[in-house]
Amino acid sequence: QVQLAESGGGSVQAGGSLRLSCVVSKYTYSNYCMGWFRQAPGKEREGVAGIDSEGVTKYAESVKGRFTISKGNAKNTQYLEMNDLKPEDTGVYYCVADLSAAGAFCYNLIPRQYQYNYWGQGTPVTVSS
């Protein structure tokens with residue numbers, strides 16, 4: 001029943017910015033963990049950022065100070081503001097919702113294939129030098 005849709009990817013030069021958006025196909029009266037992971041060609045999924053049910057954020061060390069995750073006024077939406085992009089940021093970015101009680105993704109940033117984790121089709125980001 002849960003579906004996610006990402007948008008906002010594109011091609012930019014190093015140092016540029018992009019804003020990714022995600023919409024989850026449900027509203028809820030309680031918050032849950034949401035975030036982003038990415039996957040570069042030939043590499044494993046890499047957690048990027050998460051925001052938990054209390055609004056606490058966590059970022060991969062590689063993106064701290066450059067990326068900002070936030071939730072929209074509608075709590076089924078989220079955004080990833082990416083600044084000072086680097087070529088190593090290239091990859092397909094996926095929005096993830098962790099509907100488990102623990103919301104583990106928001107603490108370990110591990111994008112596990114798990115019955116309570118949902119993500120969309122991804123939006124590609126390419127950063128060139």
Heavy-atom side-chain proximity of [X] to [Y] below 4.5 angstrom:
X      : Y      : answer
Val12  : Thr126 : no
Thr68  : Leu80  : no
Thr123 : Val92  : no
Tyr94  : Leu4   : no
Met82  : Tyr93  : yes

*Between the side chains of Trp36 and Gln78, is a donor N or O closer than 3.5 angstrom to an acceptor N or O?*
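Per modelled atom types, Trp36 and Gln78 side chains form a pair under 3.5 Å.
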
*Give a yes-or-no answer on whether the side chains of Asp98 and Tyr32 include a donor-acceptor pair shorter than 3.5 Å.*
no

*What is the minimum heavy-atom distance between Trp119 and Glu6, and which atoms define it?*
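Scanning both residues completely, I find the closest heavy atoms to be C-OE2, 4.5 Å.
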
*Rounded to the nearest 0.5 Å, how far does CG of Asn76 lie from SG of Cys22?*
9.0 Å

*Among the clusters formed by ILVMFWY side chains lying less than 4.5 Å apart, do Val125 and Phe37 turn up in the same one?*
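As far as the 4.5 Å side-chain criterion goes, Phe37 and Val125 are not connected within one cluster.
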
*Can Leu18 be reached from Val96 by stepping across I, L, V, M, F, W or Y side chains whose heavy atoms are under 4.5 Å apart?*
no

*Taking only Lys NZ, Arg NE, NH1 and NH2, and the carboxylate oxygens of Asp or Glu, determine whether Arg38 and Asp89 approach each other closer than 4.0 Å.*
yes

*Gln121 atom CD, neighbour heavy-atom count above 12 within 6.0 Å*: no

_Whether Arg112 engages the ring of Phe105 as a cation-pi pair (distance to the six-membered ring centre under 6.0 angstrom, angle to the ring normal within 45°) should be assessed._
no

